[in-house]
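Report on the structure given below.
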Amino acid sequence: MKKPNPSHEVMKPYKGKQTMHQSKSAREERRWQKPLEYARHVMEDTAARVDASRRLFPYRFLRGDCHAHTQHSDGIGTVAEMAEMVRAAGLDFQYITDHWGLTQTPECKQHGLWVGQEPGTEYHHLGILGLRSTFEPERNLLADYARVKQMKGVPFIPHPAGWWPRKVYTAAQRQALFTLPAPFLMEIINGANMIGKAFDYTDEAAVEVWDELLTAGRQVHAMGNTDSHSPHGIGTVWNGVWASRCDEATILKRLQAGRMFVSEGPLLHLTVGSTGMGSRVKDRRQAGPVKLTVVDSRGLLRVRLVADGRVRRTWHMDGEPVMKQSLTLPRYARTYIRIEAIAIDGKRGYTNPVYLGRP
Ligand SMILES: [Zn+2]
Ligand SMILES: [Zn+2]
């Protein structure tokens, strides 16, 4: 038997290999680089999963995130580090929506990222896309929202129900959402403070509020954004936008029309006759069949049909990667229908609704 080494030194062939033998600066660099590398592996895996799913999915879409922060406000990553992770995640577009101004603009241009902003207003933060000048809020939700529209910007409501890990919004904050002029854009998944996945209990609450708004007859287009404050969180949730051209004007137009699904992994498509997601079926007698396609190359666990705030059908998928259904428009669906899916690893996806009946 070998004698124990009394001096607790490194085995001879490994002399100098232990981290504590490295210079302090080398150690410090590893402390930042390693977690970044782990996050990159996760995002590369998601990109490969989506690529494999695309081969089973007959519809073309672009993937992108409309909400993230850098060192230009309260984020910890540089624009260059964010851009590197956007490439690893295979995203087609990424907005950097820093608080308090637009100093990120020149760097974003250099790295091919788009520029937005996120000031605070009354009751909520206000996400703004497509504005080239800094927006100074009056802190009146309706007035600020209207002014963004007037300036030809695209406003959206981020994290409408609170954010992880501590913040849960008050009833008054939720109620304020019912005063906004519809249609409007609202996040139903926000990945703030999350790494590896985005969905948490605040998103569960956001989906609930969304269904309440929809059931009350509001047209609310759902978005899924990371709100990442570090490069590690990029790519955990994204919008699958029905567009073939990846320029900002095209994407903003599609987002404002609700022509996208929200996902952490699964791909989803829903039509009622010739009416697509985000649009309204005018005459239900001539509506045509409800057609849905849900794909996840990693395997689906469950697909659900939600109408007027209630789960009406559930399909248990047992790991099957593809689900296709065609059904007649059910009578119980009076205001809207939408589809949601969960994959075997818990990643979620949501279509935007198809609206039914008069607005
Ligand atoms: Zn925010
Ligand atoms: Zn934010």
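Numbering of ligands and ligand atoms starts at 1, following listing order. These values consider heavy atoms only, across backbone and side chains, with no hydrogens, waters or symmetry-generated copies.
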Practice prompt. Confirm or rule out an N/O/S atom of His99, from backbone or side chain, lying less than 2.8 Å from the Zn ion (ligand 1).
Written response: no
Worksheet item: How is the N/O/S atom of His125 that comes nearest to the Zn ion (ligand 1) named?
Response: ND1
Worksheet item: By atom name, which N, O or S atom belonging to Asp227 lies closest to the Zn ion (ligand 2)?
Response: OD1
Worksheet item: By atom name, which N, O or S atom belonging to His67 lies closest to the Zn ion (ligand 2)?
Response: NE2
Electrostatic pair [X]:[Y] at N-O distance under 4.0 angstrom:
X: Asp345; Y: Arg49; result: yes
X: Glu248; Y: Arg132; result: yes
X: Glu212; Y: Arg218; result: no
X: Glu29; Y: Arg31; result: no

Worksheet item: If you measure only the distance, is there a donor-acceptor pair under 3.5 Å linking the side chains of His72 and Thr70?
Response: no
Worksheet item: Is the distance from the Zn ion (ligand 2) to the nearest N/O/S atom of His69 under 2.8 Å?
Response: yes
Item to complete: Can you tell me, to 10 degrees, how wide the angle at the Zn ion (ligand 1) is between NE2 on His159 and OE2 on Glu118?
Response: 110°
